[in-house]
Amino acid sequence: MNEAFININGGELQSLELFLMITVLSLLPSIIIMMTSFTRIIIVMSFLRNALGLQQTPPNTVLVGISLFLTLFIMSPVLTEINENAYIPYKNEQISAQEALDRASVPMKTFMLKQTEVDTLDMFMEFSGEELRENYEELPLTVVIPSFITSELKRAFIIGFLLFLPFLLIDIVVSSTLMSMGMIMLPPAMISLPFKILLFITVNGWQLLFSTLIKGFN
């Protein structure tokens, strides 16, 4: 009788773990977007493509792929810590699933708090009714995640604005030159595009952009 009861309980626990695993996998895209460096990178990539005046080059699939691999590179220390402190002990049945989740949330929360502005954290703490705390790492994820996303959007748009400036200057120079030459019917974007690409290649733009993005998360 006891063995049957244990088997039933074991089956229920396995079913619960399977349900939790399916839930985590279904939420994985949202976790990647909302809790990692992916958001800032993909927005900056989109700004760069628009600043260059290229509509479909690089295509969206390439931009997403680049953003994913850069995200994996940036988040590798966090993922390593989660693997060592949460997944491996849980796999070896040394800790429970709840404790594994608690341990996994610590490095993620630490990473997000490093990128989050204090004013944004205070705003969401006020909205949620959370009390002010000396240690922000004690805040729940329901406060940290929206604060992190808000800060990431702000930084991404600032980087995008700075990316637009040199290319905008080229557009202005080309438009003024065409106007002074009386070539009104010739689209300025057609003439400025090769100069934008040449400028981007000359300054080794991809390497400069990637290095700036990576250093921005240190």
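Any value given below was found using the heavy atoms of this structure, including those in side chains, with hydrogens, waters and symmetry copies removed.
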Sorted by chain and residue number, the side-chain contact (heavy atoms from CB on, under 4.5 Å) partners of V118 (sequence neighbours excluded) come out as D122, Y136
With a 4.5 Å limit on heavy-atom distance, are the side chains of L113 and L121 in contact?
yes
Only residue of I66, N50, V64 satisfying side chain to side chain contact (heavy atoms under 4.5 Å, CB included) with M45 is I66
Inspect the surroundings of CZ in F69 and state if more than 12 heavy atoms from other residues, nucleotides or ligands are less than 6.0 Å away. no
Notebook entry, point to check: Just wondering, do T150 and F124 contact through their side chains at under 4.5 Å, heavy atoms?
Noted result: yes
Connected to L168, directly or through other members, by ILVMFWY side-chain contacts below 4.5 Å are I172
Exercise for review: Side-chain contact test, heavy atoms from C-beta onward, threshold under 4.5 Å: evaluate it for V62 versus P59 and give yes or no.
Suggested key: yes
So the side chain to side chain donor-acceptor pair (under 3.5 Å) pairs with at least one residue in residues 36-46 (sequence neighbours excluded) are R40-E152
_Do L48 and F200 have side chains that approach each other closer than 4.5 Å (heavy atoms only, starting at C-beta)?_
yes
One should read off an interatomic distance between N83 CG and I88 CD1, to the nearest 0.5 angstrom, of 4.0 Å
Review point. Hey, quick one: are F210 and I197 part of the same hydrophobic cluster, counting side-chain heavy atoms closer than 4.5 Å, chains of contacts allowed?
Key: yes
* Are L198 and L209 connected in a single hydrophobic cluster, I mean Ile/Leu/Val/Met/Phe/Trp/Tyr linked by side-chain heavy atoms less than 4.5 Å apart? -> no
Just wondering, do L165 and L162 contact through their side chains at under 4.5 Å, heavy atoms? yes
Hits for side-chain contact (heavy atoms from CB on, under 4.5 Å) against F195, two or more places apart or cross-chain, chain-then-number order -> I170, I191
**Asked** Any link between L163 and L169 through a network of hydrophobic side chains (Ile, Leu, Val, Met, Phe, Trp, Tyr) touching at under 4.5 Å?
**Response** no
> Do the side chains of I42 and T71 get nearer than 4.5 Å, heavy atoms only?
Replying inline: no
Residues pairing under ring pair (Phe, Tyr, Trp, His ring centres under 6.0 Å) where one sits in residues 154-180, two or more places apart or in two chains, turn out to be F47-F157
query: Counting distance only, does the side-chain N/O of S176 pair as donor-acceptor with the main-chain N or O of V173 below 3.5 Å?
result: no
- Query: Are L54 and I43 joined in one hydrophobic group, where the rule is that I, L, V, M, F, W and Y side chains link up if heavy atoms are under 4.5 Å apart?
  - Reply: yes
Salt bridge (Lys or Arg N to Asp or Glu O under 4.0 Å) pairs touching residues 53-81, sequence neighbours excluded, are none
M112 meets the side-chain contact (heavy atoms from CB on, under 4.5 Å) criterion, sequence neighbours left out, with M35, L141, V144, I145, F148
Hits for ring-ring contact (aromatic ring centres under 6.0 Å, His included) against F73, two or more places apart or cross-chain, chain-then-number order -> none
I74 and L213 have their tightest heavy-atom pair at CD1-O, 4.4 Å
Side chain to side chain donor-acceptor pair (under 3.5 Å) pairs touching residues 193-206, sequence neighbours excluded, are D171-K196, N204-Q207
Q.
Quick check: do L52 and T57 have side-chain heavy atoms less than 4.5 Å from each other?
A. no
For E99, the salt bridge (charged side-chain N to carboxylate O under 4.0 Å, His left out) test, sequence neighbours excluded, returns R103
Quick note, side chain to side chain donor-acceptor pair (under 3.5 Å) partners involving residues 154-169, not counting sequence neighbours, are E117-K154
Value for CG (L153) from CD1 (I158), rounded to nearest 0.5 Å, stands at 11.0 Å
Residue set satisfying side-chain hydrogen bond (donor to acceptor under 3.5 Å, both in side chains) with N60, at least two apart, ordered chain then number -> R49
Checking V78, T116, V106 against F111 for side chain to side chain contact (heavy atoms under 4.5 Å, CB included), the one that qualifies is V78
